[in-house]
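Only heavy atoms go into these numbers, but all of them, side chains included; no hydrogens, no water, no symmetry mates. We count residues from 1, following the sequence as given.
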Amino acid sequence: MRNLKKTLAVLVAATMLSSTPVWAKDWDESKLPNHVKETYEEVLELVPQLQEYEKKEVINSYGNYIINIDKKKRGEYPSATIEINGETGDFVYFEHISNLEESSNPPSDELAKEKATEFLKEILDDKFEQYKFDNIKEHTVRTRNDDEDGSEIIVERDVKRVYFTTENDNLLNLEVIVDTEGTIYSVLPILTEEKLDQKIRKAAERVFEVVPELKEGPYKIFRRDRSANKSFKRPELSLMRDEILYSNNNGAFIIDNITGELNNLYIDETDEKSNTPISKEVAKVKAAQFIQQVIEDSEKYKFVALGTPYSEVNDSGTVVGFTTPFPEDERYVKHLQVYVAQNGKILSVKANVEEESFDFEQHYKDLEQPLAREKK
């Protein structure tokens with residue numbers, strides 16, 4: 001299984017992608033609602049390779065069904081993910097990493113458009129009539145793989161991105177990535193910046209100014225709206241209630257669609273040991289400066305503690321914590337954790353909500369003690 005170098009980076013990335021409970025690890029197709037099962041089977045018909053994959057898992061992601069399918073072993077490629085709306089049975093998202101070979105042989109524009117159109121016509125049925133083809137762009141997908149010696153390598157494949165737009169405000173535009181020989185790599189609903197609130201656009205501009213690599217090359221924008229789910233009324237989950245996610249090959253960040261504040265950020269860069277590591281005090285200053293640059297009302301955030309995550313090879317940077325009063329409930333605070341690498345670069349930011357009485361100093365001490373974390 002492919003793991004990122006840092007535990008903190010893994011946690012941030014997981015928060016961005018999905019914080020979900022496992023519903024049925026042992027595959028039991030009969031437990032899928034019929035309308036969800038029908039959509040799932042349509043995808044299998046459109047991508048026959050998936051019918052040969054052995055490992056399958058269903059996750060209930062707050063109303064949506066996420067079905068993970070792996071060829072041989074859970075967590076390894078080739079693999080695919082299908083997301084389906086649990087209430088309506090509508091198709092939401094698809095990704096299929098079927099090939100790990102380097103390739104600079106993308107499909108022609110004609111073949112990419114043809115295959116993307118065929119897939120959407122079948123999976124969307126009558127709703128496809130509300131979409132129209134917009135354009136095709138060149139793109140490169142990058143996949144983490146293991147080399148023969150077990151080290152991580154990045155595999156690059158040149159592909160085509162096919163865009164379909166809609167004038168229906170209740171639907172999102174679609175991006176279909178078509179791989180070599182016309183294989184569908186992914187189908188993703190995306191937002192356009194024109195549909196975003198001005199406060200979101202300004203927040204994103206601040207992030208792009210500080211972390212320009214997040215704007216390099218094409219990036220995607222999409223929304224996770226869980227405001228109708230009662231679970232997200234609880235303070236502990238409120239930061240995930242309504243989110244706008246920006247993502248590209250270099251990383252991702254999340255902005256709260258209600259407050260317009262940055263809640264998460266992850267830069268896809270290896271955190272390596274530095275010959276001249278910065279001190280914790282310098283890391284604290286750099287983290288504070290970063291917050292000032294990306295959050296408009298940064299003065300409300302107060303430093304609480306810092307620590308160095310445990311590492312067997314001693315290549316960890318510093319996690320710096322800040323808190324601000326939580327406006328929805330005075331018993332809680334918003335906790336922002338900024339990870340600063342040994343070379344001084346900000347690699348991740350993670351926000352969560354804690355009780356006002358939370359012991360932050362002990363929390364950051366525990367980062368340095370693996371046994372203390374395992375007991376919790």
Side-chain angles (χ1 to χ4, degrees), residues 1-7 9-10 12-14 16-18 43 46-50 52-57 66-83 93-109 111-112 115-116 119 136-163 175-188 190 211 213-220 222 245-253 266-272 315 341 347-348:
M1 182 178 292
R2 294 155 184 80
N3 294 316
L4 299 179
K5 297 288 185 182
K6 290 295 167 194
T7 301
V10 173
V12 172
M16 290 182 174
L17 296 174
S18 181
V43 176
L46 292 167
V47 190
Q49 293 167 270
L50 301 183
E52 302 173 3
Y53 289 11
E54 298 176 0
K55 297 294 182 181
K56 301 177 182 179
E57 172 186 270
I66 298 176
I67 304 169
N68 295 313
I69 310 174
D70 303 80
K71 187 170 185 178
K72 293 292 184 183
K73 186 177 179 181
R74 182 72 194 101
E76 291 190 351
Y77 302 128
S79 67
T81 298
I82 307 165
E83 183 171 351
Y93 165 78
F94 173 70
E95 182 178 59
H96 180 206
I97 301 175
S98 63
N99 198 322
L100 292 174
E101 300 298 323
E102 291 275 353
S103 174
S104 57
N105 182 34
S108 66
D109 286 359
L111 180 60
K115 294 300 182 180
F119 189 95
I136 297 176
K137 294 181 179 179
E138 296 181 351
H139 184 52
T140 300
V141 295
R142 297 180 176 87
T143 305
R144 291 182 182 273
N145 192 17
D146 293 334
D147 206 349
E148 293 181 358
D149 62 0
S151 60
E152 280 190 349
I153 59 174
I154 301 297
V155 177
E156 295 188 350
R157 297 181 63 77
D158 290 340
V159 296
K160 293 290 177 69
R161 300 169 73 187
V162 187
Y163 290 92
E175 172 203 80
V176 183
I177 292 183
V178 185
D179 204 343
T180 306
E181 299 179 354
T183 303
I184 300 297
Y185 178 89
S186 65
V187 180
L188 178 70
I190 57 173
V211 193
E213 58 261 44
L214 292 178
K215 198 173 184 178
E216 292 175 0
Y219 58 86
K220 307 166 188 175
F222 55 99
L245 171 62
Y246 286 72
S247 175
N248 72 0
N249 283 331
N250 297 319
F253 62 93
Y266 168 65
I267 298 174
D268 190 7
E269 183 174 309
T270 302
D271 182 17
E272 297 179 344
D315 61 354
L347 292 187
S348 68

Return the set of residues passing side-chain contact (heavy atoms from CB on, under 4.5 Å) with Glu101 (not counting sequence neighbours), or none when no residue passes.
Asn99, Arg157
With sequence neighbours excluded, what pairs up with Glu156 under the salt bridge (charged side-chain N to carboxylate O under 4.0 Å, His left out) test?
Arg142
Residues two or more places apart in sequence or in another chain: which of them pass side-chain hydrogen bond (donor to acceptor under 3.5 Å, both in side chains) with Ser103?
Thr180
Grab the two heavy atoms, one from Ser98 and one from Gln49, that are nearest each other, plus how far apart they are.
CB-NE2, 4.1 Å
Glu95: side-chain contact (heavy atoms from CB on, under 4.5 Å) partners, not counting sequence neighbours
Tyr93, Ile97, Tyr185, Ser186
Residue set satisfying salt bridge (charged side-chain N to carboxylate O under 4.0 Å, His left out) with Lys215, at least two apart, ordered chain then number -> none
I'd like to check the ring-ring contact (aromatic ring centres under 6.0 Å, His included) partners of Phe222; sequence neighbours left out, ordered by chain and number.
none
So, using side-chain contact (heavy atoms from CB on, under 4.5 Å) as the criterion, who are the partners of Glu54 when residues are at least two apart?
Lys72
Say whether, by atom type as modelled, one donor and one acceptor occur between the side chain of Asp70 and the main chain of Ser79 under 3.5 angstrom.
no
Set of residues satisfying side-chain hydrogen bond (donor to acceptor under 3.5 Å, both in side chains) with respect to Thr81, sequence neighbours excluded:
Asn68
Could I get the full list of side-chain hydrogen bond (donor to acceptor under 3.5 Å, both in side chains) partners for Glu269, not counting sequence neighbours?
Lys345
Just wondering, do Ile184 and Val178 contact through their side chains at under 4.5 Å, heavy atoms?
yes
Are there more than 12 heavy atoms of other residues, nucleotides or ligands under 6.0 Å from atom CD of Glu181?
no
Not counting sequence neighbours, which residues clear side-chain contact (heavy atoms from CB on, under 4.5 Å) with Leu46? List them please.
Phe119, Glu122, Ile123
Identify, with sequence neighbours excluded, every residue that meets ring-ring contact (aromatic ring centres under 6.0 Å, His included) alongside Tyr53.
His96
How close do Lys160 and Ala112 get, heavy atom to heavy atom, and via which atoms?
CB-CB, 3.8 Å
side-chain hydrogen bond (donor to acceptor under 3.5 Å, both in side chains) partners for Asp158, two or more places apart:
Thr140
Would you check, one step at a time, whether the test side chain to side chain contact (heavy atoms under 4.5 Å, CB included) holds for His139 with Asn249?
CA-CA 10 Å; His139 184 52; Asn249 283 331; 3.9 Å; yes
Nearest heavy atoms of Ile267 and Val211, plus distance in Å:
CD1-CG1, 3.6 Å
